[in-house]
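Inspection log for the structure reproduced underneath, given as structure tokens.
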Amino acid sequence: MNYRVLLAFVALTASTVSAQERKPRARPKRETTQAAIGCVDQRGETWILTGDRALRRVLTLQGDGFSNDNFARYLGHKVRVQGRLAETGSSIFRVREITTITETCKPDEP
């Protein structure tokens with residue numbers, strides 16, 4: 001009797017394993033990384049990326065995996081930020097990586 005139960009268990013386990021092997025594995029979605037270049041500025045409690053010409057707000061910056069307080073070290077620097085928009089059509093940019101281009105910002109001359 002125990003032999004039949006054991007045989008049934010082994011057969012059931014083998015069929016379950018082979019069925020799992022046949023299923024294609026779901027690939028994780030790749031997040032699209034975007035990049036922007038501008039100058040880091042602070043308006044109140046909000047960190048922003050401004051454009052080169054008139055130094056107007058282009059994006060609102062949020063740290064993705066780090067605190068927003070880390071933007072303080074880039075205040076007044078021209079930087080390249082990489083990350084993604086919080087939502088399509090949003091101006092909130094979730095920053096994954098930030099690289100200094102120059103340590104000063106000034107409007108481009110027309």
Side-chain angles (χ1 to χ4, degrees):
M1 182 72 166
N2 288 337
Y3 178 71
R4 288 182 185 171
V5 172
L6 181 61
L7 185 60
F9 176 74
V10 169
L12 180 61
T13 304
S15 65
T16 303
V17 169
S18 64
Q20 289 175 349
E21 289 174 0
R22 284 187 230 129
K23 291 180 184 178
R25 294 184 180 175
R27 294 183 181 173
K29 286 186 177 180
R30 283 189 165 178
E31 291 184 9
T32 304
T33 301
Q34 300 167 323
I37 294 176
C39 298
V40 176
D41 197 6
Q42 185 177 23
R43 307 273 166 88
E45 296 287 319
T46 305
W47 292 97
I48 64 168
L49 190 71
T50 63
D52 286 342
R53 291 224 178 256
L55 298 180
R56 291 189 185 141
R57 178 191 314 234
V58 175
L59 295 169
T60 300
L61 303 176
Q62 286 185 348
D64 189 4
F66 61 90
S67 170
N68 289 344
D69 294 336
N70 289 315
F71 291 118
R73 72 179 79 167
Y74 299 99
L75 182 62
H77 294 198
K78 184 174 183 176
V79 298
R80 179 176 195 260
V81 292
Q82 291 180 281
R84 60 185 171 81
L85 289 173
E87 297 176 359
T88 304
S90 170
S91 67
I92 298 173
F93 194 80
R94 297 198 179 181
V95 178
R96 282 243 155 203
E97 185 177 327
I98 186 166
T99 308
T100 299
I101 295 172
T102 63
E103 293 188 6
T104 60
C105 275
K106 61 181 181 178
D108 286 344
E109 300 200 18

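None of the values given here were measured: they were computed from a predicted structure.
- Partners of Q82 under the side chain to side chain contact (heavy atoms under 4.5 Å, CB included) rule, at least two apart in sequence or in another chain, are T33, A35, R80, E97.
- Partners of E45 by side chain to side chain contact (heavy atoms under 4.5 Å, CB included), not counting sequence neighbours: none found.
- Cluster partners of I37, by chain and number: I101. The rule joins Ile, Leu, Val, Met, Phe, Trp and Tyr whenever side-chain heavy atoms lie under 4.5 Å apart.
- Sequence neighbours left out, not one pair with a member in residues 43-85 passes disulfide (SG to SG under 2.5 Å).
- By the salt bridge (Lys or Arg N to Asp or Glu O under 4.0 Å) test, R73 is found to be paired with no residue, residues two or more places apart in sequence or in another chain being considered.
- Residues satisfying the side chain to side chain donor-acceptor pair (under 3.5 Å) criterion with R56, sequence neighbours excluded, are absent altogether.
- In the hydrophobic clustering, where aliphatic and aromatic side chains (Ile, Leu, Val, Met, Phe, Trp, Tyr) are joined below 4.5 Å either directly or transitively, Y74 groups with V40, W47, L49, V58, L59, L61, F66, F71, L75, V79, V81, L85, F93, V95, I98.
- Expressed to the nearest 0.5 Å, how far CD of Q34 lies from CZ of R84 amounts to 9.5 Å.
- Distance CD/Q42 to CD1/I48: 9.5 Å, rounded to 0.5 Å.
- The side chain to side chain contact (heavy atoms under 4.5 Å, CB included) test applied to S67 returns D69, N70, not counting sequence neighbours.
- Every residue was checked against the side chain to side chain donor-acceptor pair (under 3.5 Å) condition with T46, not counting sequence neighbours, and none meets it.
- Screening residues 32-83 for disulfide (SG to SG under 2.5 Å), with sequence neighbours left out, gives C39-C105.
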